[in-house]
Amino acid sequence: GAGKPIVIGGSLPLTGEFAETGLWIERGMRYWAEEVNAKGGLLGRPVEFKIYDDQSNVGKAVTFAEKAITVDKVDLLFGGYPGTAARAVMAVAEKHRRVYVSMGGHMKSFQQGYTYSFGAPPLMGEWWYEGFFQWLNTVPADQRPKRAAVYTINNPVGLSLQDSINRWTKYLKIDVVINEKYNSPLTDATSLIVKAKQMNCDILFSNGFFPDGVTTVKAAKALDYNPKAIVQGIGSVVPAWVKELGKDGDYVFSGTVLHGMLNYPGNDKLNAYVKKRYKLPAYPLYFGFGYVWMQTLQQGVNGAKSLDQTKIRDWLKTHQVDTIAGPMTFDKYGLPAPINFATQIIDGKAELIFPKNIRTKEPVYPKPAWKK
Amino acid sequence: MLTGKKITKRFGGLTALSEVDFEVRRGEIVGLIGPNGSGKTTLFNVISGIHRPEGGDLFFAGRRITDFPPYKRAQLGIGRTFQIVRPLAGLNLVENVATGVLYGRKQGAGAREAREKALEILAFTGLTEKARRFPDELVLEDRKRLEIARALALNPEVLLLDEVFAGLNPTEIGSAIELTFRIRDAYGTTIFMIEHVMKAIMSTCSRIMVLNFGIKITEGTPEEVANHPEVISAYLGAAYAAC
Amino acid sequence: MLRVDNITVCYGRMEALRNVSLEVAPGEMAALIGGNGAGKTTLLNAISGLVPATGGAISWEGKALKGFAPDRICREGIVQVPEGRKLFPAMTVEENLVMGAYLPTVRKGSREALAHVYEIFPRLADRRRQLAGSLSGGEQQMAALGRALMARPRLLMLDEPSLGLSPKAAAEIFAIVRQLNQEGMSVLLVSQEVLETLAITVRGYVLENGAVAMEGPSAALREDPQVKASYLGL
Amino acid sequence: MDAVLVIQSLISGIMIGMVYALLSVGFSLTWGVMHVIHISHAAFGLLGAYLAYSLLTIYGIDPVVSAAASAPLLFILACGVYRLLIKPVTKAKEVIVASMILTFGLAIILENIMALIWKADPRIMTPAYASGALILGPFYFQHPHLVGFALSIAGIAAVYFFLKKTYTGMAVRAAWQQPEAAQLYGVNLYRISMITFALAVSTAGAGGISLALLNSFEPHSHNLWLIYLFLVVIVGGVGDIVGTALAGLIIGTITGLSMAFLPFQWVNLVTFGFLMVFLIFRPHGLFKQGA
Amino acid sequence: MKKAPLIAAAIVVVMLAAFPFLSPEVYYLSFMFSVFMYVILASSWNLIGGYAGYLSFGHAAFFGIGAFATAKMAALFELPPVLTILAAIPAGAIAALVAIVIGYPCLKIRGPYFAVVTLCFAFVVDLAVKNIEWLGGAEGIWMRIMDVQEKLSRSIMYEVMLILMVATLAVAWWVGRSRLGAGLRAVRADEEVAETMAIPTANIKIQAFVLSAFFPGVAGGLFAYYLTYIHPDVVFSINISILIVLMAMFGGGGTWLGPIIGAVILTMVNEGLSTFARAEIARIIYGTLFIVVTIFMPDGILHFFLKRNRGR
Ligand SMILES: Nc1ncnc2c1ncn2[C@@H]1O[C@H](COP(=O)(O)OP(=O)(O)OP(=O)(O)O)[C@@H](O)[C@H]1O
Ligand SMILES: Nc1ncnc2c1ncn2[C@@H]1O[C@H](COP(=O)(O)OP(=O)(O)OP(=O)(O)O)[C@@H](O)[C@H]1O
Ligand SMILES: [Mg+2]
Ligand SMILES: [Mg+2]
């Protein structure tokens with residue numbers, strides 16, 4: 001018997017700068033709801049979303065979170081995007097004692113002392129390259145790159161990526177010859193590539209978003225720059241990377257916390273759905289995020305057997321959740337143990353290359369020279 | 001009271017004023033004539049500070065004002081009108097004039113006093129009925145009167161009038177001449193005027209300067225100037241001399 | 001050939017012209033005089049199609065013109081030199097002149113027309129590259145008249161062409177207008193220089209408060225006591 | 001500093017600068033001659049880019065061909081926009097402000113129509129030559145840069161020719177300086193304005209396509225493009241066609257040089273800072289001395 | 001007769017001030033907070049943009065400077081809530097100071113060129129904050145959450161922003177009727193003529209610019225504390241700069257009431273449309289609003305009705 005629906009509210013950037021990602025998150029969430037409702041709902045009640053379009057505006061994200069909580073009196077909050085919005089909304093959720101499961105805004109945001117916020121899993125810049133470096137560590141020392149060019153977008157994401165690079169390059173004795181930040185928009189990457197080429201850098205870190213990532217890779221090809229590896233931040237996880245860039249996007253390394261080929265229950269279903277509905281080979285990262293955050297929340301509610309936010313929080317802090325990203329338990333920051341899998345784009349697909357036990361394809365290293 | 005020494009003004013390659021000396025004494029009505037493009041308006045622009053001369057010096061009431069910005073000169077008491085009228089669009093006549101009162105030589109007037117004073121000046125210039133209208137609704141003559149009213153609002157010591165008689169028919173010129181005298185008498189204002197209407201200039205000015213190609217060619221009483229051969233050939237033309 | 005019959009023009013609720021009729025015969029030079037705000041400019045603008053006229057009719061060689069757009073009326077050879085010159089300030093003198101011959105019908109032969117204008121106004125030839133906005137008043141008037149000549153008008157309407165000109169320049173302008181008329185161009189001349197105007201025209205109209213107060217041969221108007229008092233300052 | 005780096009940065013900087021100039025030239029035209037600040041100009045450019053994208057991905061039509069083909073299409077579209085939307089506001093007291101508000105609304109509409117049709121996902125224009133380069137000694141002339149550069153020269157020259165050498169172009173300038181007088185000499189104001197507006201919009205298409213060859217684009221990208229439009233137009237001088245081209249050159253040079261000599265972090269800051277200083281010292285663009 | 005509008009305004013203010021005591025939901029407090037904020041931004045912008053006709057397209061810079069200055073002071077001196085709120089005032093002063101420095105050269109530039117110079121200025125400030133870590137850098141700054149019940153903390157922010165709005169509107173009112181306002185209007189009509197009317201144009205423009213920067217600076221500080229986390233992308237957004245201009249012009253630039261009308265209408269409509277099912281369609285409707293209003297009221301809403309009253 002279906003009772004009154006459980007309303008899950010909040011805002012997403014459905015128009016404006018971050019619309020693309022916001023829309024994928026929404027799709028992931030809606031797929032989750034479809035699935036839950038088909039199975040009889042949550043606590044026996046159907047679930048329903050109340051989603052506001054914050055127009056990619058952080059101020060609006062905050063007021064809409066408050067609207068959802070205080071006016072719509074929604075039963076649950078869902079996680080927003082991007083990190084800057086999450087950073088501000090986490091404070092609102094805390095003040096209203098609402099569980100907030102989202103990607104968060106990298107490590108700093110989880111260190112603010114919020115107790116209701118969970119990164120389940122987070123999109124954690126600090127962890128993003130862990131898998132890649134662990135894999136690189138398995139490459140014989142003489143075949144590893146020696147000189148790195150690191151170009152980082154000057155925003156919270158980029159800055160958080162630097163953390164693992166600094167640690168690992170030191171450990172692997174890779175010389176960071178170039179370590180520069182740039183402010184978006186990056187309208188031309190010619191100079192970046194020429195510099196890297198001149199300095200004989202044999203590994204390129206392009207720590208940016210999709211537009212600057214594309215510009216950088218295209219310039220690398222046009223200028224015949226052939227490092228042993230190109231590592232791309234989070235631009236290459238957007239479906240458009242393989243779809244739009246085609247062959248030129250191949251062999252780029254990156255990381256992920258979610259992947260359709262991971263051997264956790266649910267991934268197959270998601271892939272099948274996305275293949276049918278959106279004609280994509282595997283679900284996009286943010287589709288997965290939209291789904292997995294809801295999945296976590298769902299288990300919290302089921303575990304607490306209540307919509308009482310504090311109970312849900314306490315349950316989540318003390319129990320394990322099983323998701324498409326694997327099993328997670330949360331620490332006092334609301335974070336699971338670091339998760340990261342290394343990926344490489346091979347033949348237009350983001351393949352898992354590390355850890356070995358989940359590998360879907362052998363990594364291609366060193367990267368073959370550009371074909372013209 | 002207002003003196004210029006060797007004023008030179010160039011526009012690119014064109015020398016619009018070349019070492020022009022002039023003097024206007026308190027209480028006078030001085031005329032400035034010359035062919036079109038001889039530099040008369042340019043001289044007014046230099047005096048009021050809109051153009052910066054390349055050479056020469058300006059003195060007003062004993063002070064050197066060459067480097068003063070326009071507003072300071074206006075504050076000191078140099079008021080002017082524009083040949084091509086430039087009312088403050090979007091403000092009605094009272095506001096146009098009241099603004100001048102607020103910033104003029106006798107500062108410290110409140111908004112209300114300024115309006116009253118403005119209405120007084122508008123009455124003086126015969127614009128009372130149109131006080132609430134906007135400049136773009138006026139005919140040219142009234143806009144010229146507005147120019148005068150706005151300049152008077154500053155309570156100027158010397159008033160530069162640039163062709164305020166243009167476009168009037170002979171009868172209307174008569175009343176404008178009368179207004180000129182009234183300004184001098186009622187406000188004690190010294191007047192320096194550019195004019196092409198000979199009737200007006202002959203009957204109002206005690207002294208006339210003549211510019212040609214940016215050079216002062218002569219200066220004197222109306223009769224002297226009107227009979228000056230160079231003035232006749234460059235400015236008045238043969239026909240005028242004939243009658 | 002130009003006939004204005006009983007037209008009325010309103011600005012909002014104000015009637016600027018009331019039942020005005022006027023005629024200019026081929027090759028004739030007619031004068032239109034009147035005090036400030038009498039409606040002279042309004043009448044010219046109504047003929048040119050810039051302001052809409054209500055009531056009455058305007059016809060040109062028998063063809064009805066009322067309601068036509070200004071560019072259409074220009075095509076008929078009716079050209080106005082507007083009050084205040086209205087040059088294109090950010091274009092050079094030469095471009096201003098060339099714009100006079102914008103209509104395809106007069107574009108051919110505009111080169112000769114340009115040479116002719118420069119011949120009439122050598123001052124403009126000197127300043128051909130200067131922006132019209134920075135010309136002195138007299139120079140602007142010459143440019144405006146030159147621009148009109150480029151359109152090779154059949155009826156030239158001049159709105160206060162001597163405004164702001166030195167006596168010598170004004171006399172020159174009048175002489176040129178007179179000559180153009182003698183060469184066969186019809187002219188409708190609006191001017192505040194009433195004496196001179198009535199001297200060179202054949203017929204005249206006196207406009208007062210938006211209505212024709214008097215009309216007749218110029219010579220007669222010049223002797224009229226009322227005209228003398230109101231317009232000649234005598 | 002290394003000479004190759006400097007020259008290479010300059011080469012691509014200048015070529016990209018010229019692409020911005022192409023996108024800007026129509027913007028400058030509507031602004032300068034019509035006093036319409038056409039905020040949706042870049043959005044029309046983006047529309048051109050999307051059209052070319054679809055033609056390329058569906059029919060394999062080269063973007064350069066699309067640039068030519070989109071021009072008449074945008075021209076017609078712009079005529080409609082002029083007739084329905086722009087014309088009514090040219091009667092406003094402050095046309096600049098009114099037109100800005102109106103076309104701001106239009107830009108929002110266009111952006112979201114594009115989002116509905118093409119989705120919010122980013123797109124990249126990848127014709128066969130997309131990441132090729134012409135190599136001369138140590139220098140690379142990237143093909144998209146070359147194509148954009150060539151389109152830019154052609155587009156700007158066409159606009160220049162139109163304005164300065166055709167009667168219609170001259171009438172356009174005349175009409176917006178002194179509409180009454182222009183009418184008196186046979187100019188049909190309405191037609192002239194429509195042509196100007198539509199011409200401007202059709203150059204935007206080519207500009208948008210060229211830009212799309214360089215960077216990825218999304219429905220909201222026009223907002224960023226708009227900023228560059230403003231910069232180029234202002235440096236060049238509003239309504240000044242040659243100035244626009246030179247401004248593209250200058251902005252490209254500054255970006256190129258700062259890319260070569262500065263930490264990348266400071267490039268944008270220095271570019272905007274320089275432009276600010278430039279404007280302070282040359283407040284009327286490159287050529288005009290002041291009103 | 002003169003008193004009636006004053007009494008009406010006083011009643012509105014009292015009612016607004018009483019609103020939190022009706023114990024409304026937090027959202028309404030926050031929403032009104034943002035309405036007040038935009039009224040402040042649009043009305044202050046109007047001092048330079050509307051009265052003097054200098055369209056500043058970089059006003060978000062002052063807003064952002066205020067926000068970052070407040071956040072930085074709060075972090076630096078570990079200010080308690082009350083002092084953090086008060087810190088917005090010196091933050092506004094910093095914004096005003098920047099306005100003097102920047103206004104001096106920039107206000108010599110007229111028309112659209114001024115618009116673009118200010119646009120560049122906003123970018124420069126944004127990028128400088130991002131590049132200089134001491135200012136918070138690209139990471140942004142977190143602030144301590146006010147340690148009281150949520151409704152109370154939002155009510156406090158509401159009342160403080162209301163006070164600021166009243167202060168801004170009072171100053172705008174005063175400027176509109178003062179000698180300064182008359183001078184600014186003359187500047188807007190014709191700056192050269194204004195100079196010859198004894199108006200020290202450079203001086204009064206700076207005055208207006210500084211006033212128009214101060215209030216947004218304070219508002220930025222309050223906004224920072226409202227969000228508790230600020231990032232340059234959030235407070236220096238070009239969208240804010242443009243929105244401010246649109247609001248003032250949409251309502252009717254150069255009048256006292258116009259920017260208020262514009263800010264209130266646009267904030268409300270925008271908020272309302274966000275609830276709309278299909279986000280893109282909502283935005284299309286929003287865009288259409290601009291078009292329709294401009295076609296029918298090309299000089300702004302207020303001017304449209306004023307003209308009606310004049311009976312023309
Ligand atoms: N801003 C300017 N730039 C270039 N040339 C100018 C400028 N202003 C004036 N001139 C030129 O300087 C000369 C003098 O102009 P000015 O306006 O002073 O003449 P004027 O004596 O007032 O003539 P008029 O009696 O016709 O008004 C003219 O040749 C004019 O073209
Ligand atoms: N655009 C307008 N709007 C409203 N009223 C106008 C407009 N133009 C002219 N008028 C009014 O129409 C009447 C006639 O003006 P018009 O300009 O035709 O007179 P005029 O005889 O040419 O005068 P002048 O000798 O000053 O040139 C005047 O009362 C004037 O105020
Ligand atoms: Mg003059
Ligand atoms: Mg007239």
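Letters A, B, ... are given to chains in the order of the sequence lines, protein chains preceding strands, and every chain is numbered from 1.
Within the 4.5 angstrom heavy-atom criterion, atoms from both the backbone and the side chain of V26(E) approach chain A. In this structure, the portion of R154(E) lying under 4.5 Å from any heavy atom of chain A is its side chain and not its backbone. Looking at L227(E), both its backbone and its side chain come within 4.5 Å of chain A, counting heavy atoms on both sides. Proximity to chain A (any heavy atom under 4.5 Å) is shown, for E280(E), by both the backbone and the side chain. Residue K60(A) touches chain E through its side chain alone, counting heavy-atom pairs closer than 4.5 Å. In this structure, the portion of L23(A) lying under 4.5 Å from any heavy atom of chain E is its side chain and not its backbone. Of the two parts of N131(E), the backbone and the side chain both hold a non-hydrogen atom closer than 4.5 Å to a non-hydrogen atom of chain A. Interface remark: N270(E) contributes backbone and side-chain atoms alike to the contact with chain A (heavy atom separation under 4.5 Å). Residue contact with chain A, scored on non-hydrogen atoms closer than 4.5 Å, involves the backbone and the side chain of E271(E) alike. When heavy atoms are compared at a cutoff of 4.5 Å, F33(E) does not approach chain A at all. With a 4.5 angstrom heavy-atom cutoff, S11(A) does not touch chain E via any of its atoms.
Interface summary for chain E: among R87(A), Q55(A), K50(A), K73(A), the most heavy-atom pairs under 4.5 angstrom belong to R87(A). With respect to chain A, the highest number of heavy-atom pairs below 4.5 Å among R283(E), Q149(E), K130(E), R144(E) belongs to R283(E). Your options are E66(A), H96(A), E94(A), and the one with the most heavy-atom pairs under 4.5 Å with chain E is E66(A). Comparing V89(A), V58(A), T63(A), N183(A) by heavy-atom pairs within less than 4.5 Å of chain E, the highest count is held by T63(A).
A salt bridge does not link R167(A) with E126(A): every distance from a Lys NZ or Arg NE/NH1/NH2 to an Asp or Glu carboxylate oxygen is 4.0 Å or more. For the pair E133(E) and K181(A), the salt-bridge criterion is met [side-chain N within less than 4.0 Å of a carboxylate O].
Below 30°, between 30° and 60°, or above 60°: for Y229(E) and W142(E) the angle between ring planes is between 30° and 60°, a tilted geometry.
Heavy-atom minimum distance, D54(A) versus P13(A): OD1-CA, 3.3 Å.
Note: F19(E) and Y28(E) fail the aromatic proximity criterion, with ring centroids not under 6.0 Å apart.
Of the options Y286(A), Y81(A), Y278(A), Y291(A), a ring-ring contact (aromatic ring centres under 6.0 Å, His included) to W24(A) is made by Y278(A) and by none of the others.
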List the steps and the verdict of side chain to side chain contact (heavy atoms under 4.5 Å, CB included) for D72(A) and K67(A). CA-CA 6 Å; D72(A) 303 330; K67(A) 186 172 188 186; 4.1 Å; yes
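For the pair R98(A) and Y116(A), the cation-pi test (distance below 6.0 Å, angle within 45°) is failed.
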Pair up each side-chain donor or acceptor in residues 59-86 of chain E with any protein partner under 3.5 Å, not counting sequence neighbours, and list the distances.
unit_1	atom_1	unit_2	atom_2	d
H59(E)	ND1	S56(E)	OG	2.8
H59(E)	NE2	S212(E)	O	2.9
H59(E)	NE2	S212(E)	OG	3.1
T70(E)	OG1	G66(E)	O	2.7
K72(E)	NZ	W134(E)	O	2.6
T84(E)	OG1	L79(E)	O	3.4
T84(E)	OG1	P80(E)	O	2.9

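The ring-ring contact (aromatic ring centres under 6.0 Å, His included) test applied to Y114(A) returns no partner, not counting sequence neighbours.
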